[in-house]
Amino acid sequence: MSSTTQSPIIARDLVRTFGSGEDEVRAVDGVNLEVTAGEVFGFLGPNGAGKSTTVRILTTLLKPSGGSASVAGFDIVTQADAVRRSIGVALQDAAIDPLMTGTELLRLQAVLYGIPRNSQAERAGELLERVGLSAAGDRRVGTYSGGMRRRLDLALALIHEPTVLFLDEPTTGLDPMSRMSLWEEIRRLNNDGTTVLLTTQYLEEADQLADRVAIIDNGKIVKEGRPEALKTDVGAPTLLISVADHHVESAREVLAQFGEARPTAEGTLGVGLTQGASDVSNVVRALDAQGIAVEHLELRAPSLDDVFAEATGHRLEGAS
Amino acid sequence: MSTIALRRRDQIGALSSRSILSLVRQPSLVVPSLIFPLFFVALGTSAFARAINIPGFPEVDSFLDFALAGSVVQGVLFGSVTSATALATDIETGFFDRLLVAPSSRTAILVGRLAGAMVYGLAQTLFFTLVLFPFGLSIQSGVIGLIAMMIGGLFTALAVGALMSAMAIKTGSSEAVQGSFPLIFILLFFSSAFFPRQTMDGVYRRIADINPLSYLVEGFRSLTIDQLTLTAVLQTILIPAAISIIGIGISLRTLRNRLAAS
């Protein structure tokens, strides 16, 4: 009963608890989501925020403790098999049997998804070519680099040409080059009409790829919107200042006159400049007047990290 | 056959090839379960050569004929631990999730993973028999008996593999599965695998009497040392086949619970 007008991913009040009694942990705590067709939706949050648990629920690997969700028009609990048929999934850490070759894995995947025997080899070849692994297809996966594994993982997820793709931290741990090539591939898929939900702990990744971003912290979505709009909402640029340890408290008081304090990495003070960049010289003068020497100064335009910090009160991936 | 049944058959086929391939590509996992049982036979045959004269000991030409059944079951049990460990490793690495997230039959995932052990169980039975022939082994029930033993070996591997898989799925830990190895060893020692029940006494005898492994081993043994009987064939095949069905049932149930609870 897939309907064409319905959004491909809808979650309503999704809850998932682990353990019971006093030890109960609410890993997902009332998540509401709607991803529209053809969108790249970025799910942003630190480790343990509930990103992966939400993805595991939406991909039928985990039953929700509460709430409901539909993917590709099918209910994730009562129509789990139909959901599985419609989605492509690349889970965290690219779990790939190191003893098998790339081609063997693709052919196994083809059987699991019911692809006719006479087109399996062709499909495997196409996908290997698409992700640039043609030359490595007959090598055991154990010999692949991290980037190659992720690319193979993506190819496996595409075997049945799914319309909805779930990518759980697709580039975590990859070098910049591999990351870029994977981004390119994800953009290409999206241009072809695939709806993508990706989780990431990299702000840049969300900024680069996602049409919309949801920031999740402690199992709850704390902010949602287009990256540009979210950044504009934060408004003021952030001024980051380092001073000698014994000046920190007095510097904090001075900075408070120029705007709200922003969370930063340890050893740095941050303030959202209400008057914008033109206030920088005033800040420096005010600090100078108090006899506080500035050791380091940096002005930063609003980033998704600021959005994140404003929404959660702490910073992601140790960014300052 | 319906489309679903056809797809399940293909899935079992593909997943079976994978599990057989993984045994072939990791010979170091396989070799110990071929050597240890033979070592036990060699030891037993030289140490207990005259035990066959003890009153109550079955009538055999040599201890070797008596020992074959025990070593076959021992070898197959060890092989099955390997295959359940492989399942636990699949869970640890996340490969299992890849299978679960595909529209694949749950039975296919399980049976496919155990197929390697099944083929291996059959091959082990043949291997032990062939290796011991030059040392004077004789199979009284002939070729049909040997075939029955090979099928019995296959089902024994499935039965133990399925039960151990439930543990693998429940714990998701390859260490836990490997840790159960000594337990199986103990169970085997408290059976008639190495000595006939008739020569046992006291608690030892009582445990061996209720130990299903005793009856399994005795089926194999009867095919080795007696003329072919239907009872022995059924004992060798049906006991492990029945345990297989129960084991697969338990494993599938554990799998369902895992999705809801983990």
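Protein chains get the first letters and strands the later ones, always in sequence-line order, with residue 1 at the start of each.
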Visitor: Do B/F127 and B/L38 have side-chain heavy atoms sitting under 4.5 Å apart?
Guide: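 Yes - at least one pair of side-chain heavy atoms lies under 4.5 Å apart.
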
Visitor: Can you tell me which portion of B/R25 sits under 4.5 Å from chain A's heavy atoms? Options are side chain, backbone, both or neither.
Guide: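 The answer is both parts of B/R25.
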
Visitor: Distance to the ring centre below 6.0 angstrom and angle to the axis at most 45 degrees; does that hold for B/R98 and B/F96?
Guide: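 B/R98 over B/F96 ring: no.
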
Visitor: Does any heavy atom of chain B fall under 4.5 Å from the side chain of A/R107, the backbone, both, or neither of them?
Guide: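 When you check distances to chain B, no heavy atom of A/R107 falls under 4.5 Å.
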
Visitor: With a 4.0 Å cut-off on N to O distance, would you call A/E185 and A/R150 a salt bridge?
Guide: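 So A/E185 does not pair with A/R150 through a salt bridge.
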
Visitor: Given heavy-atom pairs under 4.5 angstrom as the criterion, report whether the side chain, backbone, both or neither of A/L105 touches chain B.
Guide: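 For A/L105, side-chain heavy atoms alone lie under 4.5 Å from chain B.
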
Visitor: Looking at B/L100, B/I109, B/D10, B/V101, which one has more heavy-atom pairs under 4.5 Å with chain A than the rest?
Guide: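 Most heavy-atom pairs under 4.5 Å with chain A: B/V101.
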
Visitor: For A/F74, does the six-membered ring have the charged nitrogen or CZ of A/R85 within the cation-pi criterion, i.e. under 6.0 angstrom from the centroid and within 45° of the normal?
Guide: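 No, a cation-pi geometry is absent between A/R85 and A/F74.
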
